[in-house]
Engineer: 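Supplied in structure tokens, the structure appears directly below.
Excluded from the calculations below are hydrogen atoms, water molecules and symmetry mates; all remaining heavy atoms, backbone and side chain alike, are included. Each chain gets a letter, A, B and so on, in the order the sequences are listed, and its residues count up from 1. Values in this document were obtained by computation on a predicted structure and should not be read as measured data.
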Number of protein chains: 2
Amino acid sequence: MHGEVAPGQALTLRGIGKEFGVSMTPAREAVRRLVAEGALFLSSSGRVSTPELTHDRIEELAALRALLEVELASRALPRAHMALIERLQTINGTVAEAVVKRDAVGYIRSNLEFHRTLYLRAQAPAILAIAETVWLQLGPTMRALYGKLRRTEPPHYHKLIIAALKAGDEPGLRLAVRSDVTQGLKLLIR
Amino acid sequence: MHGEVAPGQALTLRGIGKEFGVSMTPAREAVRRLVAEGALFLSSSGRVSTPELTHDRIEELAALRALLEVELASRALPRAHMALIERLQTINGTVAEAVVKRDAVGYIRSNLEFHRTLYLRAQAPAILAIAETVWLQLGPTMRALYGKLRRTEPPHYHKLIIAALKAGDEPGLRLAVRSDVTQGLKLLIR
DNA sequence: GATCGCAATTTGTGATCACATACGCAAATG
DNA sequence: CATTTGCGTATGTGATCACAAATTGCGATC
């Protein structure tokens with residue numbers, strides 16, 4: 001999810017088991033779960049690897065993020081108090097740090113934490129769970145995306161999200177979230 | 001997914017293995033996958049059962065169906081030719097048969113086939129896959145829903161969906177799909 | 001008659017094994 | 001030098017086992 005593994009990276013059950021000090025059995029169960037969630041790709045011969053997403057697939061996942069996260073933000077809006085907004089601003093500071101340090105994993109991780117913190121307020125665990133499986137599927141690709149970004153400042157749309165939350169502006173919030181989750185991925189589908 | 005198992009039904013690895021003539025290992029992997037997809041509930045002690053959904057959870061899953069399936073239908077619309085519409089009408093006949101026979105599983109199965117047939121035209125496998133995991137989560141609950149329905153004719157909204165497809169009427173299609181997937185579930189969340 | 005406690009049994013977990021298959025590398029061939 | 005063939009090895013699969021934990025059912029007790 002955090003882009004620690006590159007797209008197309010192959011994994012073996014024995015390798016995973018050795019890495020975490022367990023036998024093949026728990027490694028198999030973990031791998032099967034991640035395959036079911038779309039986070040790993042299972043070849044016809046049973047080999048597993050992180051997925052290499054096609055442009056079409058990235059477009060779909062971007063559309064899914066937009067659909068799901070706009071809904072989550074909209075549900076969170078009426079419950080977003082000042083304490084939450086302050087927390088979001090703090091996390092946004094962490095995002096900025098990762099940007100200046102050019103820390104891809106740290107950037108992805110704190111960026112997702114920003115979103116998750118907001119969406120937790122939506123009190124919609126089923127929707128959030130599905131949004132997180134989408135993040136999982138995009139993880140390796142997001143790392144590749146970061147390499148193409150030549151950014152030096154934290155994401156502009158995060159500020160728009162916070163402003164819309166403060167103002168209680170639902171249309172503005174929906175637009176800001178849609179733009180934020182769509183913007184980056186657009187770089188990858190051309 | 002088709003409501004063959006009632007909500008809250010307990011399952012054991014050895015029982016599943018015996019039922020399908022395999023050892024515990026494949027049963028474990030299948031169960032773990034279904035748990036990951038939300039189709040089965042895993043208790044803290046490791047026992048698995050079909051989920052008993054709360055009203056809040058049903059409301060969320062209904063909202064998810066609306067979000068995802070409206071998008072899928074919208075994407076399918078420009079590709080929906082006459083052959084597809086005729087196929088949908090045929091399936092709708094199967095739905096009607098299941099209704100008169102009071103066959104819950106047959107009704108759920110053919111109803112979902114109606115939707116899947118339409119959505120396959122959307123050429124959006126990632127979105128469809130997620131919609132299907134939502135169906136999976138609702139399976140046992142849909143069976144309970146069917147018991148509360150005193151219906152004697154096929155779903156009205158399917159006809160509206162077909163009419164909107166014929167007319168190329170996207171707003172009408174979106175409304176018809178949203179109504180169709182929401183209507184039934186509403187009975188359960190009160 | 002209801003509740004509590006204990007024991008027998010069921011159940012999930014992690015490990016290991018045998019086996020079939022697929023992969024990768026190197027040698028051979030054109 | 002490129003392509004193919006063949007072999008050794010790595011890898012996934014399904015089965016089985018030992019063990020710990022939890023559930024169940026029965027009997028005792030109040």
Engineer: Please walk me through it: do Glu59(A) and Arg75(B) pass salt bridge (Lys or Arg N to Asp or Glu O under 4.0 Å)?
Structural biologist: CA-CA 13 Å; Glu59(A) 186 276 328; Arg75(B) 288 178 181 229; 3.1 Å; yes

Engineer: Mind running side-chain hydrogen bond (donor to acceptor under 3.5 Å, both in side chains) on Asp180(B) and His156(B) for me, showing each step along the way?
Structural biologist: CA-CA 8 Å; Asp180(B) 185 55; His156(B) 174 57; over 6 Å; no

Engineer: Name the residue from His115(B), Gln123(B), Arg121(B) that meets the side chain to side chain donor-acceptor pair (under 3.5 Å) definition with Tyr119(B).
Structural biologist: His115(B)

Engineer: Using whole Å, what does the distance between atom P of nucleotide dG12(C) and atom CD of Glu29(A) come to?
Structural biologist: 11 Å

Engineer: Pick from Val181(B), Ile130(B), Asn111(B), Leu112(B): which one makes a side chain to side chain contact (heavy atoms under 4.5 Å, CB included) with Trp135(B)?
Structural biologist: Leu112(B)

Engineer: In whole angstrom, give the distance that lies between atom CG of Leu13(A) and atom C1' of dG14(D).
Structural biologist: 13 Å

Engineer: Sugar-phosphate means primed atoms, P, OP1 and OP2; the rest is base. With that split, encode nucleotides 21-26 of chain C 5' to 3' as B, S or - using protein heavy atoms under 4.0 Å.
Structural biologist: -SS---

Engineer: Which residues satisfy the ring pair (Phe, Tyr, Trp, His ring centres under 6.0 Å) test with Tyr157(A), sequence neighbours excluded?
Structural biologist: none

Engineer: Rounded to the nearest Å, what distance is computed from the CD atom of residue Glu19(B) to the P atom of nucleotide dT11(C)?
Structural biologist: 14 Å

Engineer: Roughly how many Å is it from CD1 in Ile16(A) to C1' in dT11(D), rounded to a whole number?
Structural biologist: 12 Å

Engineer: Other residues, nucleotides and ligands only: do more than 12 of their heavy atoms fall within 6.0 Å of CZ on Arg33(B)?
Structural biologist: no

Engineer: Looking at Arg109(B) and Glu4(B), is any side-chain nitrogen of the basic one under 4.0 Å from a carboxylate oxygen of the acidic one?
Structural biologist: yes

Engineer: Could you tell me the separation between the CZ atom of Arg33(A) and the P atom of dT13(C), rounded to a whole number of Å?
Structural biologist: 13 Å

Engineer: Using nucleotides 15-17 of chain D, report all nitrogen or oxygen pairs with the protein that are shorter than 3.5 Å.
Structural biologist:
{"unit_1": "dA15(D)", "atom_1": "OP2", "unit_2": "Ser23(B)", "atom_2": "N", "d": "2.5"}
{"unit_1": "dA15(D)", "atom_1": "OP2", "unit_2": "Ser23(B)", "atom_2": "OG", "d": "2.7"}
{"unit_1": "dA15(D)", "atom_1": "N7", "unit_2": "Thr25(B)", "atom_2": "OG1", "d": "2.6"}

Engineer: I would like to know whether Arg174(B) and Glu170(B) meet salt bridge (Lys or Arg N to Asp or Glu O under 4.0 Å); could you show each step before the answer?
Structural biologist: CA-CA 6 Å; Arg174(B) 298 177 78 97; Glu170(B) 200 204 325; 3.0 Å; yes

